[in-house]
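Read the numbers this way: they start at 1 and go in the same order the structure lists the ligands and their atoms.
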Amino acid sequence: MPVETRRISEAELEEQKRFEEKVSAVLGERYERKPLACVVTYGCQQNVADSERIKGMLSAMGYGFTEKRNEAKLVIFNTCAVREHAEDRVYGNVGALKKYKLANPDVIIALCGCMMQQKHIAGKIYESFPFVDLVFGTHVVHKLPELLYKSLTRRKRVFELPDIDGVIAEGIPVRRDNDKKAFLPIMYGCNNFCSYCIVPYVRGRERSRRVEDIEKEFTQLAGEGYKEIMLLGQNVNSYGKDLEPRVTFAELLRRLNDIEGDFRIRFMTSHPKDCTKELIETMAECDKVATHLHLPFQSGNNRILKAMNRGYTREQYLSLINYAKELMGDELSITSDIIVGFPGETYEEFLDTKSLVEEIGATSLFTFIYSKREGTPAAKLDDPVSHEEKAKWLGELLELQEKISAEQMKLHAGKTFKCFVYGKGKLGDNYLAARTDGNLIIEFEGGERLIGTFQKVKVIEPLTYVLRGEIEKV
Ligand code: 5AD
Ligand code: SF4
C-alpha cells in the first residue's frame with residue numbers, strides 16, 4: 001500500500017515553536033548558566049543531518065553544546081540499526097552513563113534514531129535501562145521541543161514511537177557541524193527492501209522533498225559560502241517519483257548546478273537498479289557536480305544479488321560503470337559498499353565479488369561482514385559459514401583493494417587537481433588535506449587560511465591511500 005506523504009503543517013511547527021519557548025523558560029528557572037547538551041551520532045550521513053536539526057532545535061531552546069557527556073544536562077544518542085556492531089556500541093555507551101545519571105538526577109538521557117524505531121529494542125531500553133528518560137522514533141524528530149518539555153516537567157519517562165510513516169517536516173532550524181561542507185537531505189526512507197537491510201522498516205517509505213524547498217536551502221547554503229554540498233537519500237536515483245509533476249534526480253541536479261556560486265555538488269547513495277544513463281550524462285555535463293559515483297553493488301555474484309533482492313545483475317552493473325567511464329574517463333571515481341558472507345554465500349560466490357572489484361577499479365570500498373537483522377527476510381536464511389571464515393574473506397578483499405588503490409594512485413602522478421581544502425593533513429605538521437572532484441585525498445604543505453577554499457594542487461608522490469602534492473602557484 002503506498003503511503004501518502006504528510007508534510008508537517010505550519011500550525012504544527014508553530015506549536016513546536018511555542019514548546020521551544022516553554023522549554024527555554026523552564027531551563028532559565030532551573031539553571032543559572034546556559035545548560036549544555038551533548039548529541040552523540042552513530043551511523044550514516046542521514047543521521048548526521050538529523051542530528052544537525054536536533055541541535056538546531058536545542059539551540060533555539062537555549063542549550064549550549066559540549067562533546068563531554070559528563071558535563072551535559074542533556075545527552076542524546078542518535079542511533080543506527082544497520083549492523084549489530086553499531087547497536088552494541090549504543091548499549092555500551094548508554095550503560096556507561098548510569099552512574100552519572102544517578103548522581104545527577106536532573107540530567108536527561110535521551111535516545112532516538114533507527115534503533116529506537118524497532119519495537120523489541122525500545123522494549124529492551126524500557127526494561128533494562130530505567131535511567132533513560134526520553135525515547136523517540138525517526139518520524140517525530142520535529143516534535144523534540146514538545147517531548148523535551150514533557151520530560152523536563154513530568155516525573156514519568158517519555159516514549160514516543162508512533163508507527164506513522166511518510167512525514168516530511170520543513171523549516172526546522174539547523175545547526176551545522178561544519179561551515180564549508182553541508183549535508184542536504186533530498187528524500188527520506190527506502191522502498192527497496194534489500195533482504196538483509198533494516199532501513200526500510202525503520203525509516204519508512206520513500207518520500208521526496210519538494211524541488212522548491214531543496215532549491216531554497218541549497219541557495220542559502222551557497223550564499224553562506226558552503227563549498228561542498230552533499231545531497232542525501234537512501235536511494236537518490238528514485239528522487240521525485242512521488243512528486244507531482246514528476247521530477248527526476250538528474251533534473252534536480254541540473255537545476256542545482258545552475259545556481260550561482262563556487263561550490264561542488266556531491267550525492268549519495270545511488271542504487272544501481274535506478275541509476276539511469278540520464279544521470280550519468282548529467283554528471284558528465286554539469287561542471288559543479290563531482291565526478292564521484294558511490295554506486296554500491298554489494299556482491300558480484302548473480303545468485304547472491306537475487307537473494308539480496310537487489311534488482312540488477314553483475315552484467316547490468318558493469319554496463320552502467322562502463323558507460324560512466326566512457327563519459328567521464330579518468331576523472332570518474334567509483335566507490336561501493338560490499339557485504340561479505342551473506343547467508344549461504346559460498347567461497348566461489350565471494351570470488352565473483354573479488355573479480356568485480358578488480359574489474360571496476362574502485363577508488364575505495366566500504367566493506368561489511370553480513371550482520372543479521374531481526375525482522376528482515378535474510379534473517380530467516382541458513383547461515384552456515386562461520387564469522388572467522390567471513391573475516392578471512394574480508395581480509396582477502398581488503399588486501400586486493402589496497403593493491404588496486406595503490407595502482408590507481410600511481411596513475412595520478414604529475415596530474416593537477418582542483419580540490420577542496422577541508423582541514424589539517426596527517427603527513428606532517430604543516431600539511432593540509434584536500435579532496436578532489438573524484439573524492440581522492442591530496443595532502444600538501446600550506447597555511448591554515450587555505451582551509452575552506454578550492455585550490456589547484458599538483459601530485460608529487462602517490463602513496464597508498466593519499467596523494468602528496470604541492471600547491472600550484474598562479
Ligand atoms: N549487514 C551488513 N551490512 C549491511 N548493510 C546494510 N545492511 C547490512 C547488514 N545487515 C550495508 C550495505 C549498505 C551499507 C549502508 O550498509 O552495504 O549499502
Ligand atoms: Fe537498505 Fe537496500 Fe534501501 Fe540501501 S537500498 S537502505 S541497502 S534496503
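- Classified by interplanar angle (parallel below 30°, tilted 30° to 60°, perpendicular above 60°), the ring pair W393/F350 is parallel.
- Here the two rings, on F218 and F263, have centers that are under 6.0 Å apart.
- Counting only distance, with no hydrogens or angles, the side chain of D352 and the backbone of N302 share no donor-acceptor pair below 3.5 Å.
- Scanning the protein for heavy atoms near atom 7 (S) of ligand 2, the closest one is Y196 OH, 3.4 Å.
- Proximity of a side-chain donor or acceptor of Y226 to a complementary backbone N or O of N178 within less than 3.5 Å is detected.
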(message) Assess the residue pair F267 and H292 against the criterion (ring pair (Phe, Tyr, Trp, His ring centres under 6.0 Å)); give the C-alpha distance rounded to whole Å, side-chain angles, the decisive distance to 0.1 Å, and a yes or no.
(response) CA-CA 8 Å; F267 57 88; H292 171 207; 8.2 Å; no
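- Close approach to I369 involves these atoms of ligand 1, each under 4.0 Å from a residue heavy atom: 2 (C).
- Counting only protein N, O or S atoms closer than 2.8 Å to atom 2 (Fe) of ligand 2 gives 1.
- Here the protein heavy atom with the shortest distance to atom 17 (O) of ligand 1 is Q298 OE1, 2.7 Å.
- Using a 4.0 Å cut-off to heavy atoms of Y370, the atoms of ligand 1 that qualify are 1 (N), 2 (C).
- Among protein heavy atoms, atom 7 (N) of ligand 1 sits closest to Y196 CD1, 3.3 Å.
- Those atoms of ligand 1 that come under 4.0 Å of a heavy atom in V82, given as number and element, are 5 (N), 6 (C), 7 (N), 8 (C), 9 (C), 10 (N), 16 (O).
- Under a 3.5 Å cut-off, the side chain of R435 and the backbone N or O of I441 do not form any donor-acceptor pair.
- At the top of the distance list for atom 16 (O) of ligand 1, counting protein heavy atoms only, stands R83 NH1, 2.8 Å.
- Between the side chain of R264 and the main chain of D287, no donor-acceptor pair closer than 3.5 Å is present.
- Here the protein heavy atom with the shortest distance to atom 10 (N) of ligand 1 is S371 O, 2.8 Å.
- The closest donor-acceptor contact from the side chain of K372 to the backbone of E84 lies at 3.5 Å or more, if one exists at all.
- Heavy-atom contacts of R373 reach the following atoms of ligand 1: 10 (N) (cutoff under 4.0 Å).
- Looking at S405, its side chain never comes within 3.5 Å of a backbone N or O of T464 through a donor-acceptor pair.
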(message) Using salt bridge (Lys or Arg N to Asp or Glu O under 4.0 Å), reason through R266 and E228 one step at a time and then give a plain yes or no.
(response) CA-CA 7 Å; R266 296 186 182 278; E228 289 224 308; 3.3 Å; yes
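- Nearest to atom 15 (C) of ligand 1 among the protein's heavy atoms is D337 OD2, 3.7 Å.
- When atom types are taken as modelled, the side chain of T269 and the backbone of N235 share no donor-acceptor pair closer than 3.5 angstrom.
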